[in-house]
Amino acid sequence: GRRGLDEVGNVYLLCGEDAPDQKQLTQIMTHKAERLNSRFRVTFAMILQLRRGGNGVKIEDVLGRSFLENGRAMRRPSVRRDLARRVEELDQIPLVQCIFGEPLMEEYAPWETEARAV
């Protein structure tokens with residue numbers, strides 16, 4: 001099956017003269033799948049080639065079919081939920097008011113820049 005698109009897929013085991021025995025086949029079928037780490041990287045040259053080709057292939061389509069981007073797309077809803085939750089938490093934090101009459105940041109920044117130059 002296609003990752004993120006199909007619920008079920010087929011696996012074909014192609015072996016040469018040495019076919020695995022029943023125990024090995026059971027292990028192959030019941031063990032957790034190995035994580036597939038994509039080495040696909042979009043380069044500037046690849047983008048230029050796609051733009052120059054004029055064959056109707058969109059960069060977004062190429063990225064969407066990559067394993068790396070598919071994994072990111074699968075995590076996107078949970079990342080958005082986490083972001084919304086953290087924004088709410090940030091909004092709950094009270095503002096800090098300076099009560100000691102210290103200079104404003106706008107006044108402090110030029111002094112700090114000047115001190116670094118010395």
Side-chain angles (χ1 to χ4, degrees):
R2 296 166 296 171
R3 182 184 301 231
L5 299 175
D6 299 326
E7 291 183 18
V8 178
N10 296 316
V11 176
Y12 298 93
L13 178 64
L14 302 174
C15 51
E17 296 174 9
D18 299 326
D21 60 19
Q22 185 65 36
K23 182 179 178 183
Q24 290 173 323
L25 282 175
T26 303
Q27 278 185 324
I28 290 170
M29 293 187 301
T30 58
H31 273 89
K32 185 177 179 182
E34 291 181 22
R35 178 162 171 72
L36 181 61
N37 293 318
S38 175
R39 293 185 183 176
F40 176 79
R41 299 288 182 260
V42 177
T43 63
F44 187 69
M46 185 186 304
I47 293 171
L48 287 178
Q49 191 69 24
L50 287 170
R51 298 276 300 170
R52 219 180 303 154
N55 55 5
V57 177
K58 294 182 180 178
I59 295 168
E60 294 86 1
D61 294 339
V62 172
L63 284 173
R65 287 191 296 258
S66 77
F67 285 112
L68 182 63
E69 186 60 28
N70 191 320
R72 288 181 181 153
M74 297 292 281
R75 290 189 304 271
R76 197 168 291 139
S78 66
V79 169
R80 285 188 176 144
R81 280 193 305 273
D82 290 345
L83 177 62
R85 181 178 50 81
R86 290 176 189 229
V87 166
E88 286 178 17
E89 289 175 5
L90 184 60
D91 290 342
Q92 298 291 327
I93 298 173
L95 292 175
V96 176
Q97 298 294 326
C98 179
I99 58 173
F100 297 110
E102 295 177 12
L104 298 173
M105 183 57 74
E106 291 82 10
E107 295 174 9
Y108 174 77
W111 298 340
E112 196 271 338
T113 305
E114 183 180 330
R116 284 182 184 240
V118 173

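Model, not experiment: these values are computed from the prediction. In what follows, every heavy atom counts, from backbone to side chain, and hydrogens, waters and symmetry copies are set aside.
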**Fill in**
Here the gap from R86 atom CZ to E89 atom CD, rounded to the nearest 0.5 Å, amounts to 7.0 Å
**Message:** Working to the nearest 0.5 angstrom, can you tell me the gap between T26 OG1 and Q24 CD?
**Reply:** 10.0 Å
**Prompt:** Would you say R116 has more than 12 foreign heavy atoms packed within less than 6.0 Å of its CZ?
**Reply:** no
